[in-house]
Amino acid sequence: MDPRYDPHGVEERWQKTWEEEGLYKAGAGARSDETFVICVPPPNVTGELHMGHALNGSMQDCLIRWHRMRGFDTLWQPGYDHAGISTQNVVEKQLIAEGTSRQEIGREAFLERTWEWLDKTGRTIMGQFRRLGSSLDYSRERFTMDEGYVESVMTYFVRLWEQGWIYRANRIVNWCPYHQTALSDLEVEHVEMDDALTYARYPFADGSGSITIATVRPATILADVAVAVHPDDPRYKDAIGKQVVVPVVGRRVPVIADARVEPDFGSGALKITPGHDPTDFEIGRDHGLETLTVIGPDGRMTAPGFEGLDQKEADDRVVAWLKEHDQLEKRESLRHSVGTCERCHSRIEPLVSPQWWCRMDELAAPAIAALETRKVQYHPESQHRFAIDSLVSAPDWCVSRQLWWGHQIPIWTCPDGHRTCAWPPPTSCAECGTGELIRETDVLDTWFSSALWPFATLGWPAETPELERYYPGNVNTTAREIIRLWENRMIFSGLFLVGDIPFTDVIINSTVLAVDGRRMSKSLGTGIDPLEAVDRHGADAVRYGLLRISSTQDVRFSWDKIAEGAKLANKLWNVARLILQKAEGIEPTLRPSALEEQWIVRRIEDTRAEIDELLPVFDFAHVADALYHLTFDDFCDWYAEAIKPRLYDGDEAAIATALAALEHLLALLHPVMPHVTEEIWSQFHETRLIVSSWPEELPTGVEADALARVQEAAAIFRRSGVAPALEGNEKRIFDAVVKPERAKANGDAEAERERLRKEIARGEAMLSNERFVQNAATDIVAAEREKLERYRRELDAISD
RNA sequence: GGGCGCAUAGCUCAGCGGGAGAGCGCUCGCUUCACACGCGAGAGGUCCGUGGUUCGAUCCCACGUGCGCCCACCA
């Protein structure tokens, strides 16, 4: 064994072995019928592993391995999301680079091309998860567009249709002019931008002066149908009900009163353009105004005389017109946030277009109940309320997208306009029976299929044994911004379709920020590739480091903590070398006799109990911390040093116990650092640690108080220099406990006495305070009394 | 505008009603036969400010200051 642990090669070897031996498979090593199920949040087929995946994967794998060792039948389901707009984007860019376009080659060829691309370049992340040692059941990899999954998606849609929850409506939507599709509010990214705010005078039709409005998009003046003011705005009391003349087009429109107008903004008068602004759309609808359109789906003007102009040009033309007619009051700069497409960063165009919608009220109600009653619990708690609120206020779901890559909506229309929604594809119109059917060209929102992930991967709508066994699952871990897009939708979809929640706990993991606190992003150049970290320090170290910094809020990436993980692996490797060097032919047998043996068993047992409390509440950081200190401070610095002389002597009992203690230590560390622990395990075992038992409660034979006494007394010795610091023999510890009077030889005895006197004074002061004794919890008072007594004894022991 | 959260050692953070902690960094001493990714010893802190509650506050409450994030809206 090399004195320096090198994870390279070792890790890949175990990853291969585990998978080949079928130990990643669902149910491997199970010793009970109890299941523990996690679905990986399916990454985009187009994606590469980023730090968020790595953190998420480390958390999930830690839970899976812990449960597997505890005998559960575990399933960690892998797979990919087809990522409608992202994927289409990638392929479309390639086509453009080749001088063609998706429109030119047509839908069918485009889809073929996309599948081709996927087979060649897509689906890389599962390989990267393997390199992290993630024990997913890779034999069960699913894709949201594979055959069976399409079945699930189509069935879901038809069921919603049958409930009457799917409807078609013309509404104003976020339109991406580049992708030429509607986007949900959640796919829109708001960015701060500087714009010119144009103040324009609209003359009253009766010639009695004018009213000034302010707009950042003068081009949309062409589609104005009204001017609105706040009903209580004294400046405009008399204007309400009058007619004004819209510039350029000369249309007469009314001045209306609406409370949605913000009197303090601009001039306090708002031009109403229902065709190109969401608020105006609502105001227009409520006042029965007509909706005019002057911008097309490509973002270019369609108004007479402006055809084909881009909006900037149209803005300039309108402003020039205003200036010429002396209706331009002023222009000023305005910083405001503008919606952009999260994929291509084009400015979002609010456009009125026909879309398919899904009613949310009845779908959401059972999910809200499940959250209220905590059948599903979000972690941290602060996200729980948010999740409920966003379900309560969930607007109807725009499920259609004007994309090609995705699940084509299963609605067919006959020449008479009857609609048939069915799956498998109908052969005739449900109403008139004609066979002439044309399928809807829109595809479904990507999240529509993601919502089915927990049960579609198990074969739903078929009643498979897997569905029976592994649904509902247990944990889902994901990022905060996905709560409304994905988590909530899985919950209501599961309740609606399968009749049960998909999981009981949702962990919202922290966003991993760059070392400088900025967001990790490729475009900022602040991203760190998790695989680069793995190459540098090993997967175990990366897993440890990420878990160590994980928390309920955003965290900074830390190379230091990864390095700490590498150190821990090396330390473990070396202490194993120490114990194993004379262990040939000796069976691990836990028979703690010497004090330090009883003590380390107690420490291991305490840590095991601690982990068993921390993991159910997903506190990975403290698990990692506890393991670090157990290994370094307790196992290596104390226990190993203490038994060294007996190890050198080849004392079989000591070696057997040390092996057994090491075994337990390895087991505790395995969920966090699987590779190095399995590697060491294999030095003295034929079996595999990954499927071996999680330690049971261990008998120790040492009282907790005695342990504290050992450490305290030993600390006195260390400070005094009475025992050579590194001597590391068991006698030192034994003496420290049974002969505290040795402390009298301490050169710093006076300082120690001083410390004890201070402690005693403090304790006495507290205990003599009547209010304290009356009010404080009884165990605190008792603990104080006990401490005081102990300090008194100690002081006696080191006083002459 | 709504919501959540954070301010503790040079850095990154843990602790959250009764003794101020860890890792890294720093100083000093150790080529001790598991490990220099090591061992031992040590320096370093008005626990953001101001009030309040309490016998007692880094911890609870209020306000202030400074940060961060999520959501909504922005003519």
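For clarity, every value in this text was computed on a predicted model and none was experimentally measured. A note on names: the letters A, B, ... follow the listed sequences, proteins ahead of strands, and every chain is numbered from 1.
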Would you tabulate the pairs of protein nitrogen or oxygen atoms and nucleotide nitrogen or oxygen atoms of nucleotides 20-25 of chain B closer than 3.5 angstrom?
from: A22(B); atom 1: O2'; to: His629(A); atom 2: NE2; distance (Å): 3.4
from: G23(B); atom 1: O2'; to: Glu564(A); atom 2: OE1; distance (Å): 2.5
from: C24(B); atom 1: OP1; to: Lys567(A); atom 2: NZ; distance (Å): 2.2
from: C24(B); atom 1: O2'; to: Asp560(A); atom 2: OD2; distance (Å): 3.4

Just by protein heavy atoms under 4.0 Å, how would nucleotides 56-61 of chain B read 5' to 3' in B, S and -?
------
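- Salt bridge absent: Asp633(A) and Arg603(A) never bring a charged side-chain N and a carboxylate O closer than 4.0 Å.
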According to the Watson-Crick and G-U wobble definition with distances under 3.5 Å, which dot-bracket string, read 5' to 3', encodes RNA chain B, using [ ] for crossing pairs and | for pairs with another strand?
(((((((..((((....[..)))).(((((.......))))).....(((((..]....))))))))))))....
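- Between the side chains of Arg217(A) and Gln311(A), at least one donor N or O lies within less than 3.5 Å of an accepting N or O.
- Between Tyr199(A) and A75(B), a side-chain N or O to OP1/OP2 separation shorter than 4.0 Å is absent.
- For His622(A), the side chain to side chain donor-acceptor pair (under 3.5 Å) test picks out Asp619(A), with sequence neighbours left out.
- As a whole-Å value, the separation of Glu641(A) CD from A34(B) C1' is 9 Å.
- Remark: Val253(A) engages Val244(A), Val246(A), Arg251(A) in a side chain to side chain contact (heavy atoms under 4.5 Å, CB included) (not counting sequence neighbours).
- Judged as a side chain to side chain donor-acceptor pair (under 3.5 Å), and not counting sequence neighbours, the contacts of Glu11(A) are Arg131(A).
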Could you give the side-chain donor-acceptor pairs of residues 384-393 of chain A under 3.5 Å, partners two or more places apart or in another chain?
from: His384(A); atom 1: ND1; to: Tyr378(A); atom 2: N; distance (Å): 3.1
from: His384(A); atom 1: NE2; to: Leu371(A); atom 2: O; distance (Å): 2.8
from: Ser390(A); atom 1: OG; to: Phe386(A); atom 2: O; distance (Å): 2.8
from: Ser390(A); atom 1: OG; to: Ala387(A); atom 2: O; distance (Å): 3.1
from: Ser393(A); atom 1: OG; to: Asp389(A); atom 2: O; distance (Å): 2.9

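- Under the rule for a side chain to side chain contact (heavy atoms under 4.5 Å, CB included), the partners of Asp651(A) that lie at least two apart in sequence or sit in another chain are Arg646(A), Ala653(A), Ala654(A).
- Phosphate proximity of U12(B) to Arg556(A): present, with a side-chain N or O under 4.0 Å from OP1 or OP2.
- Under the ring-ring contact (aromatic ring centres under 6.0 Å, His included) criterion, His675(A) pairs with Trp18(A), not counting sequence neighbours.
- Distance noted for atom C1' between A14(B) and G21(B): 7 Å (whole Å).
- Looking only at atom types and distance, the side chain of Thr273(A) has a donor-acceptor partner in the side chain of Asp224(A) under 3.5 Å away.
- Using a 4.0 Å cut-off between charged side-chain N and carboxylate O, Arg347(A) and Asp195(A) make a salt bridge.
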How does each nucleotide of nucleotides 4-10 of chain B score, in 5' to 3' order, for protein heavy atoms under 4.0 Å: base (B), sugar-phosphate only (S), or none (-)?
SSS----
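- In this structure Glu584(A) satisfies the side chain to side chain contact (heavy atoms under 4.5 Å, CB included) test with no other residue, sequence neighbours excluded.
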Check the pair Leu647(A) / Lys582(A) against side-chain contact (heavy atoms from CB on, under 4.5 Å), numbers first and verdict last.
CA-CA 7 Å; Leu647(A) 289 182; Lys582(A) 295 214 175 174; over 6 Å; no
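- Among residues two or more places apart in sequence or in another chain, the side chain to side chain contact (heavy atoms under 4.5 Å, CB included) test is passed with Arg331(A) by Ala196(A), Thr198(A), Pro218(A), Val319(A), Leu328(A).
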